[in-house]
Amino acid sequence: MSVSRASGAATHQRPGDRRRTLPELLAGRARKMKLDPEREQKLRDSAVRLLRRQLNLSHLLLEVEGPPHKKLSLSQLIDRDSPKAHTGLSSSLIGSALRDQASQLGVPVAVLSSQVVASSIVQICEAGTEPSHGVLLDLEQRKKLSSLLEITQYLLAHSMFSRLSFCQEMWKVQNSLLLEAVWHLHKQNVVSLPELLESHADVQAVVAWLFRNLHGLCEQSEQMDTSCPQADIARAVLSDFVQLLVLKGFQTNSGLRGEAEPEHMPQVAVAVLQRMLASALEALAAGVQEESSAHRAARCWFSMLSGHTCSMISTDSPKSFFRHTLTQILTHKPVLKVSDAIQMQREWSFARTHPLLTSLYRRLFVVVSPEELVGHVQEVLETHEVNWQHVLSCVSALVICFPEARRLVTDWAARWLARAFEDFDLDSMVTVFLLVRQAALEGPSLFLSYADWFQASFGSARGLHGCSKKALVFLFKFLSDLVPFEAPHYLQVHILHPPLVPSKYRFLLTDYVSLARTRLADLKVSIENMGLYEDLSSPGDITEPHSQASQDVEKAIAVFEHTGRIPAAVMEASIFRRPYYVSHFLPALLTPRMLPRVPDGRAAFVEALKRADKIPPSLYATYRQACSAAEEKPAGPGMKADPSCAEGLLGPLTAALQELRAAMTDPAQYDAISARVAVISQRLSSALGLSEDDSSSEVTKVQLSVLVPKLEQREQKVVDLLLTSFCQNLMAASSFAPPDRQGSWAARFVTATCGHRLLPAVLTRLCQLLRHQGPSLSASHVLGLAALAVHLGEAGPAFSDVHVSPPAPARGLSIPDFFSSLLTCRTKESTLFCLRFCTAAISYSLCKFPSRSHDTWYSCLSPGLIKKLTYRDWLQLELEIRPDMDSLSDMDRRHFHHWAIHERFLPEPSAAGGCDGDLETACTVLVDTLLDFCHSSQSREHAEDSGLVLGGCTWNRDILSRLQEMVVDLEQGPAAPHGPSPAGGHFLFRIFRRRLQALASGWDVASRLQRQRELLMYRRILLGLPPSVLVSSPRAEQPAAPNCDEFFHLVNSELRNLYLHGGTLTHAVIVHFFRGLLNACLRCRDPSLAANLALTLCQTECPLVLTSALLWWPRLERELRCRWRCVPGPLPRELQRLHEAQRFAQSFLSPDAASPASPAPRPAWVSAAALYFAIQRAGEANRIGLEKLVCQGEELLVFLFFFSLMGLVSSHLTPHAADFLKAVGVCAEILGCLQERNVPWLQLFQLTETDAGLGRVLLRLAPDQHVRMLPLAFYSLLPYFDGDAPVREDTFLHVAVDMYLKLLALFVAGETSAASTLAARSQELQGQDDPVGLVTKARLFLLQSIPRCPRRSFSNMAELLATHGDCDPELRAALLSRWQATPNTGLSQEPRLF
C-alpha cells in the first residue's frame, strides 16, 4: 500500500496516542530485535517490495503535508533544511521505485526519470509567489529545487536520466519555466544551456524565449535593492549567461569546440546578444523615461557588457564580441543622412550624448586598444551604412577617453583626406570633415579647433588641394555642396581662413565666398559682425553682436595680459571686420569707468591699441572724458557692476563640480566620472566667456610675473572653484580608496580644466598661493595642490613652457620646474612650507604610481620638488637665503657651510651627489650654480628684497666667501700646481669657455644682451677671487714669464666686445690683472725680466690690456710703484714705456710744450692710444695740440685716426649728441692732416687678421661691433673728403663700394637704429643725417664718383658685386656700363655667383 494509505489505516487510536512516522516505527522495532545484519537486509528488501507495489511517482517526489494530519512525507526528503531529511536514503528509494515503474510501463528508466524531474521542476516554478512575468525563484522554491537537483544528480550518476528527453519535456512547458531554474540546471551540470537550447528545432523560437527571459531578468534586477540576496543571484545569472553567450557566439578558435558541439548554438547566441543590444539602443533612441522598465533593462544590460564580466573568458571571444557590438552600435538603424549629420552633430558631443551610451562606449574601449578601435571604426565606415549619430558620438567618446586620440584622429583624418583627393571621393571628404568637427567639439585641450585644422590643411601651398586645378575644383565643389546645411560658424571659418589658391584660380574662391556670404545673409548673420572668439558649444548658432563683444573683450584682455601683445584676432578684426570692431568691440572695451591708479589689464590693453592706431582719436578722447567725469562724481546705480551676472555664469559650473563630487563618493557612479568632467569642461568655457573652438595658438606661451601675479576677478573665482573642487574630490576619493586605485579622474580633471585657455590663470593663482601665501595654507589644501602639481607635471609635455618675469629667462620652464621655482627657502616660514609641500607631492606620487620607474617618476616631479640635496641643489637653496631673515647667525651659517662642503658633500661620491673628494670639482659646481642662479627669477626677487645687487643679480654673499676660501685652498694645498698650468687650464676659465659655447651667437639684440650679462657675471666673479687666478705661476724654464694665456684669450674673444669705456677694459679688471702680474713676477728670480717678457708678449697677443692701462694710467701708476718698492731699481722697462707714452701725450697737448713736438715713443700704436685718450680728456682744448700732428710720423697718424674712428662709432651707439659732434670733429681734423700729407688711410677700412702687424693689432683693440660699424663712420666723414683727391686713388672705389654695400646690410639688419634714435631726439644734430639720409647721400656720391674714377679702380670689383651686388641694381648697372667696353675687366659679363 502507499504511504498515505498506510498512514490513514490507523483509525482506532486512543486520544492520547500520537501517530509515529515510519522511521520511528522501524527504529523502535530495531530496538526490540537483536541486531542482525542479515535480518536487517531482508527487512529492507521487504519494504522496497511493498513500496514498488503501491508507488505513486508524482506524490513520491513532491508530497506535501496537510495541516490536519501528521503523516510520513517524502517532501522532507527534498527539503534539505529539515532535520528529518535523509537524502541518501531518498535517492536510493526513488531510484528503485523509478526502475520498477519503468519496468511495469515498458519504457526506459532514463526517459521516465526525465519526465518525472521535468514535471517536478514545473511544479516548483509554478508554486512561487512572484508575478507571472518574473524569472527568479523565491527562497522556498530555491530550496526545493536544490533538493530535487541532488536527486537528479544521483540519477545521472547511475545512468538513470536522459538529458535529451528532459530537454524535450522542458520545451513543452517553456512558458512555465523560470530562467533561474535553467541557470541552476546549468550550474549543477544537470543540463547545460547549450544542450537545452540546441534541443529545440526552431531557432527563432529559442531566440525569442531566451531574449524574453533575459530582458525580463534585466527589468526585474534593476528594481531590487543592491544589498538583497535576490540582486546577487540576478547579477550572477546575467553574468554567467552573458559569458556563455559570448563564448559560444564568438569563439574564434574552432579547435576548442568538441566533436559533439551543437551546430546552431553560435547562431542562437549571436542572435540573442544582438536583440538585447538592439532593444537597449531603441529604448535610448525613443527617449524613454529614466525609471521606465525599458530604461532599467538597458541600464542593466549595458552594465553586463564590461571587461570585468568577460574577463573570466580566457579566449579571444570578448574582443571579437566587443568589436561586433561596436559594429552593431555604429550600424544600428542608419536612417540619418549625411546632411542631417552636418546639421545635428553639435548635439552629439560627449557631454550631450545619453550617459548610458557613453558608459557603453567606455566599457567597450577597455578591451579594444585605441589603434584597433580607430581601425575598426574606419573599417565600418568603409563597408557599412552607418548611424551617424552613433559614429560621431563614438568619436567624441574616443577623444575624451584616450590621451593619444588627438594623434590617432589627426592621422586618420589625414589619411582619409589624402584618399579623398587621390580618388576625388566625396564620401571620404565628408567623412573627414564630420570626424574633425566632432573631435573639435570636445575643446582645444583635447583636439585642434576646426579653424586650426582647416587652416593647417588648406591654408598653405603644401595642402593637397594645391596639386592641380582638378583638386581645387573638387574642394570648392564639396564646400559649395555643404553650404545649405552648414552652421554659420563653419561658413565664417571658411571665409576668414580661406584655402590658399593660386591667383589664376582665384575665381573659384570668390565664387564660394559669395555663396557663403549669401547663405549667412539668409541666416541673418553678418560676417562683419562676427565675434572674435565664437562659442561653438552654445546651443544656437547666432549670437547677438553686443553680447558676443563683451565676451570678446574679456578674452582679448586675458590674452593680452598673458602674452604682452595685442591678440592676432583683434588686429585681424580691425582690418578685415572693421564694422564689428568699430561698432561693437570698441564700445564694449571703452565702457566709461573710474580708471585705477595703477593701470590694470584693461587700461594697458586700451593704451596698446591707442599706440597701434587701432582706436580712432575722437573715440579715445570721448572715452577719456567719460572716465574723467566718472572720477569726479560717485558711481550711480547704473554704473555699478551687477555681481549676480558673474554669479549666474558660475552657477552651472558650480553645479557640475558638485555633481562630480557626488560621483566621487558613490562607487556606483565611477563610470560616469568622465562624462562629469566633460560637462565641467563645457561649462567652464561658458563661465569664462571663452569658445570651445577658440584657437590655442593665441597663447603661444605662458608668461606671468612671479613677483606681482595678477588675475582678473572672474578668472580668480573660476580658478578658485576648480582648485577647491580638486582638493575636495581628492579627499573624498581618498576616503574610499588609496591613490593608485582611484582611477584616472585626477588626470582627466587636470587635462579638461587646465588646458591652454585656462593654464595661465591656473598657474598665476598657484603662484599667488604657493609663493606668497604658502605658510597660511591648511593641510588639505597643501595635499590637494601638491597632487595637482604632480598631475600638471605628468601632463607637462602637452602644455606650453612657462616664461616667468622679471626677468624672462632665455628659455621657458617646464611645469615641474615652474613649481620648483615657486618653492623658496629664504625664510624660516617658507622653508617649513616648502618641506610640507614637497613631502606631500612625493608621498602622493609614490602612492599614485607605485609601479613606475624612477625616470617616469622624475618626469612628474623636478629635482627641486624632490629636494634630494645633492651638492648643487644645496647650493641653490643656500643662494636663496636672505641674510637679514636667516634663522642662523652669521657665525652659525659659516660653520654650517664649512661642515656641509668639507664634511658632507666634498668626500661624498659623485653618484650620491658629492664631489669625489675633489676640491676643484666642488669649486666648479659652485661657480656653475652661482651663474645659473643669476639667470633665475629668484635672484631678481632677492635683489628687490635685499638690494644686494651683484652683476645684475643677487645672491647670498656668504657663498662667494666660501668660493674665495676654496680657491685659496686649491692654490696653497698639496695638490696646487707648480710650474706650467694644467693642460686644460684653470677650472674657472674652463667653466667660462663651456658656458659661452652653449650661448647663442649672433648680432641680434637678444643674443648680445644675454652674452653681455653672462660676461658681467664672469667679471664680477673674477674680481672677487685672488688675482693669481688671472696670472699663473711662471713656467719652470728660465727666463720665464708668468702665464696669462687664458686671461688674454678671454679678453680677446669676449671682454673686448663689452665695449665699455670706449672699447677698453674697466679700471677694476686692469688693476686686478696687474696685481696678479706683479705678484707672479715678484716670485721669479728676475722680477723685471719676467714683467718685461709678459708685457712684450702682451703687445702682440693682447694689446687691449696695454691701451686700457694707458686709459687708467693716472690711477694705475701709483699702485704699480707701491707694489714694486720691494724690488731694488726702477720699474720694468715695458712699464716705463707706458709711462713715456703717457708723458708724450700730455706734452703734445700742452700749450707750453715746444713746437714741433718730440717724436712719439715706440711702438707707435701705444703712443697713438695715449694721445687719443689725452685728447678725449682735454675736451675743446685739443684743437691747439692737433695742429702739431703735421710734424709726427705717418704711422702715428694712421693709428690715431683708427682710434678716432672707434670713438666716432662709439658716439653713434651712445645717446649723447655732444659726444658725436666732438668725435666727428676729431676725426675730421686727423683726416685732414692725413689727406694734406698724402698718407694712405683707406687701409683702415679693409683690415683683416692676415695683415702683417697693422690688421692683427688693430682688430684686437676694438670690439667686433665697432669694426662692423666702420661703414657708418666712413660715410659720416663724407663731407670732409678732400675733393677729388680720394677718387683718384686706385683703391678708393673698391673701398667706397664695399663700405656702401656693408652700410646697406647694417641698415637692413637694424643695426643703425641707435644712430636713428640719436638723430631724431637731438636738436643739435638736426643738420646731421640719420641712417636713411646717410645711405641716400652715399649712393648719390658713388653714382657721381664712378664716372670720375680711373679704370684701374675697377679691378677686383666683380667679386665684390657677386657677393652683395643685388642690393642696389642701379649701382651695379652704373659700374658695369662704366667699364663694359674695357677688355679683361671681368665686368663685361655677369659675374658667376656659383
Side-chain angles (χ1 to χ4, degrees), residues 2-3 21-23 26 40-41 43-65 72-125 127 137 139-170 173 177-178 180-196 199:
S2 67
V3 175
T21 62
L22 179 62
L26 294 176
E40 181 179 358
Q41 183 61 38
L43 183 60
R44 285 181 181 273
D45 293 340
S46 299
V48 168
R49 286 194 297 271
L50 177 63
L51 289 174
R52 284 177 178 174
R53 289 194 297 266
Q54 304 295 331
L55 181 64
N56 186 326
L57 291 177
S58 60
H59 290 171
L60 178 63
L61 292 178
L62 291 174
E63 186 173 12
V64 294
E65 298 175 324
L72 177 63
S73 174
L74 289 182
S75 64
Q76 295 175 353
L77 303 179
I78 297 176
D79 188 358
R80 59 171 36 175
D81 291 333
S82 172
K84 305 175 182 180
H86 300 278
T87 304
L89 178 63
S90 64
S91 298
S92 61
L93 291 177
I94 293 173
S96 299
L98 287 172
R99 277 194 293 267
D100 291 344
Q101 186 72 19
S103 176
Q104 293 177 5
L105 296 177
V107 296
V109 64
V111 173
L112 180 62
S113 300
S114 302
Q115 294 174 351
V116 172
V117 172
S119 175
S120 301
I121 290 177
V122 171
Q123 293 181 43
I124 291 175
C125 292
L137 303 170
L139 183 60
E140 187 65 24
Q141 288 173 304
R142 202 169 289 122
K143 290 180 180 179
K144 291 184 178 181
L145 181 62
S146 176
S147 299
L148 177 61
L149 293 181
E150 290 183 7
I151 296 173
T152 307
Q153 288 174 338
Y154 172 84
L155 298 177
L156 275 170
H158 292 79
S159 302
M160 299 172 61
F161 188 82
S162 171
R163 286 189 170 94
L164 179 59
S165 298
F166 175 75
C167 292
Q168 293 172 350
E169 292 297 325
M170 295 298 292
V173 292
L177 190 61
L178 298 184
E180 185 186 344
V182 176
W183 177 68
H184 285 293
L185 292 172
H186 174 80
K187 293 291 287 185
Q188 299 296 329
N189 295 321
V190 175
V191 173
S192 67
L193 181 64
E195 288 179 290
L196 180 63
S199 64

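Just so we're clear, the structure is a prediction, and the values are computed from it rather than from any experiment.
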Residue list, side chain to side chain donor-acceptor pair (under 3.5 Å) with [X], at least two apart or on another chain:
X	result
Arg163	none
His184	Glu180
Gln115	none
Ser103	none

What heavy-atom pair brings [X] and [Y] nearest, and what distance separates the two atoms?
X	Y	result
Ala118	Met170	CB-SD, 4.0 Å
Cys125	Gln141	O-NE2, 3.0 Å
Ser113	Leu98	OG-CD1, 3.4 Å

Can you sort out the partners of [X] under side-chain contact (heavy atoms from CB on, under 4.5 Å), two or more places apart, ordered by chain and number?
X	answer
Ser165	Val111, Ser114, Ser162
Gln188	Leu149, Gln153, Val190
Val107	Ala102, Leu105, Leu112

Taking the side chain as every heavy atom from C-beta outward, state whether Leu156 and Asn189 have any pair of such atoms under 4.5 Å apart. no
Report yes if some heavy atom in the side chain of Ile121 is under 4.5 Å from a heavy atom in the side chain of Leu185; otherwise report no. yes
Let me confirm one number: the CG-CD distance from Leu164 to Glu169, rounded to the nearest 0.5 Å. 10.5 Å
Value rounded to 0.5 Å, distance of CD1 in Ile94 from CG in Leu155: 8.0 Å
Tell me whether Ser119 contacts the main-chain N or O of Val116 through its side chain, where contact means a donor paired with an acceptor under 3.5 Å. no
N/O donor-acceptor pair under 3.5 Å between His158 side chain and Tyr154 backbone: yes
